[in-house]
J.: 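Here it is, the structure, as structure tokens.
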Number of protein chains: 2
Amino acid sequence: MSANPTTGEKILLATINLMAEKGYDSTTTKEIALAAGVNEVTIFRHFGTKEKLLEAAFNRFHYGNEMTKLFNEGLKGNLHEDLLTLSRTYHNIMNRNRKLISISLKGSSTLPDSVLQEASNNPKHLKNLLAEYLTTMSSQGKVVTSNPEIQALSFMWMNFGAFISRLNAKEAVSEETLNEFIEESVRLFTKALSP
Amino acid sequence: MSANPTTGEKILLATINLMAEKGYDSTTTKEIALAAGVNEVTIFRHFGTKEKLLEAAFNRFHYGNEMTKLFNEGLKGNLHEDLLTLSRTYHNIMNRNRKLISISLKGSSTLPDSVLQEASNNPKHLKNLLAEYLTTMSSQGKVVTSNPEIQALSFMWMNFGAFISRLNAKEAVSEETLNEFIEESVRLFTKALSP
DNA sequence: CACAAATGTAAGCAAGCACTTGCATTAAAA
DNA sequence: TTTTAATGCAAGTGCTTGCTTACATTTGTG
């Protein structure tokens, strides 16, 4: 089915770029072929159907569990520093995968299930890890003891909202604004969560 | 072009419901006609084109400047109470219009511009009003003096993220969880913003 | 060179799309 | 009752879609 990896990769990249802009349904195989500098038939010879094409693109470029690793290794027990690290890492990961996320957010009637779950699971995972972290910190007297689940949710949703806003904004929200936001919002949460 | 309002409304409602689920491109005029209990031609006799149909749906059901009114009248100068009112009203409005918002978020290659701007302008408007409010409160010594723009942005993005998460979640996030979130997050921000 | 695998080219198919046309039917207004 | 406007129905148009087939061309490998 595939021998020349370069051709396959070109197709996958073009797929991701186009679908991130226009969504799955509105992106045609003809467009993809044109963007990839490849004949349309080649796409079908490589991937069979349009659906399998998107699945291949997801499998190829999907980010692993980077956040989990971060929680296991990167945190030091200092609330302000840790929130900062979390926020920065989160936006890094999300930004690196923003096109895949954009595709799954736009959705479609015929989108593969594996792709669709992406969007909804995204914020939940981090929330659980953060809630555990806050519980631990609270038992050490480093954080107010109240509602770690909802506190984690608030922090998560704030960063998720920031990401989505940047994703859909016409005039790009500058990198600098993002950094300002991260620093100020972490400062806010640190003050709010400190005992 | 239109005489029987009931027929037109049925079409508009069916349009919104279907497009909120499947997006603009993937929703066919035949489906809309079926859902509205109307012949397909009737749609075109009423609205001309599919594009004008969606525009009409937006114009008919679009929420006015409810948030602006809220800022001019509903706030009392008590930080905690005001943030609570803001958050609650925001989620009310967003939830009431969640289908229209869903359509504009999904986007399309041929979506009317007027519709597209909806999604990106949405968070910005409230941010500006909230920033002004914080500035005023700060000059009265009721709020820390630092960066009202970014503080407002953080609050906005948090609520926006919460809304989007609920919008796309498979298992509905319960009304109760939302209320818990609103109360706890407002408490967090109140503490963080108090001098 | 010779052979095979990967790609290009051209043509087309069946289905679905938005949208149109012509005519019959209903029903409300005059 | 006559007229008029709104709708239904059936058929069809032109276009695009994902996908296929058959054959020619390139490209890398022994």
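All heavy atoms count here, side chains included; hydrogens, waters and symmetry mates do not. Protein chains get the first letters and strands the later ones, always in sequence-line order, with residue 1 at the start of each.
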J.: B:F181: what forms a ring-ring contact (aromatic ring centres under 6.0 Å, His included) with it, not counting sequence neighbours?
T.: A:W157
J.: How many Å lie between CD1 on A:I43 and C1' on C:dT9, as a whole number?
T.: 15 Å
J.: Check the phosphate of C:dT9 against A:N39, side-chain N and O only, distance under 4.0 Å to OP1 or OP2. Yes or no?
T.: yes
J.: Considering residues at least two apart in sequence or located in another chain, which fulfil the salt bridge (Lys or Arg N to Asp or Glu O under 4.0 Å) criterion with B:E31?
T.: B:K22
J.: Kindly say whether A:A162 contributes a backbone atom to a donor-acceptor pair with the side chain of A:S165 at under 3.5 angstrom?
T.: no
J.: Can you list everything that forms a salt bridge (Lys or Arg N to Asp or Glu O under 4.0 Å) with B:E40? Sequence neighbours excluded, please.
T.: none
J.: Counting the atoms with a prime plus P, OP1 and OP2 as sugar-phosphate, which does A:V38 contact under 4.0 Å by heavy atoms, base, sugar-phosphate, or nothing?
T.: sugar-phosphate
J.: For B:N147, enumerate each residue passing the side-chain hydrogen bond (donor to acceptor under 3.5 Å, both in side chains) test, keeping only those at least two apart in sequence or located in another chain.
T.: none
J.: How many Å lie between CZ on A:R45 and P on D:dC23, as a whole number?
T.: 14 Å
J.: Taking A:R45 for the side chain and A:T42 for the main chain, is one N or O donor matched with an acceptor at less than 3.5 Å?
T.: no
J.: Could you work out, with salt bridge (Lys or Arg N to Asp or Glu O under 4.0 Å) as the rule, every residue matching A:E183, not counting sequence neighbours?
T.: A:R88
J.: List in chain and number order the residues that pass ring-ring contact (aromatic ring centres under 6.0 Å, His included) with A:F163, two or more places apart in sequence or in another chain; answer none if no residue qualifies.
T.: none
J.: Please list, chain by chain and in numerical order, all residues satisfying salt bridge (Lys or Arg N to Asp or Glu O under 4.0 Å) with A:E175, sequence neighbours excluded.
T.: A:R166
J.: Which nucleotide wins on minimum distance to the side chain of A:H46, given the candidates C:dT7, D:dT21, D:dC9?
T.: C:dT7
J.: Which angle, to the nearest 10 degrees, lies between the helix axes at the two ends of the helix from C:dC1-D:dG30 to C:dA30-D:dT1, each defined by five pairs?
T.: 10°
J.: All N/O contacts under 3.5 Å from nucleotides 16-19 of chain C to the protein, with atom names and distances to one decimal?
T.:
from: C:dA18; atom 1: OP1; to: B:T27; atom 2: O; distance (Å): 3.4
from: C:dA18; atom 1: OP1; to: B:K50; atom 2: NZ; distance (Å): 3.0
from: C:dA18; atom 1: OP2; to: B:T29; atom 2: N; distance (Å): 3.1
from: C:dA18; atom 1: OP2; to: B:T29; atom 2: OG1; distance (Å): 3.1
from: C:dC19; atom 1: OP2; to: B:K50; atom 2: N; distance (Å): 2.7

J.: Listed by chain and number, what are the side-chain hydrogen bond (donor to acceptor under 3.5 Å, both in side chains) partners of B:K99, not counting sequence neighbours?
T.: B:N17
J.: Could you list the residues that satisfy side-chain contact (heavy atoms from CB on, under 4.5 Å) with B:T135, not counting sequence neighbours?
T.: B:P148
J.: For nucleotides 27-29 of chain D, tabulate all protein N/O to nucleotide N/O atom pairs closer than 3.5 Å, reporting atom names and distance.
T.:
none

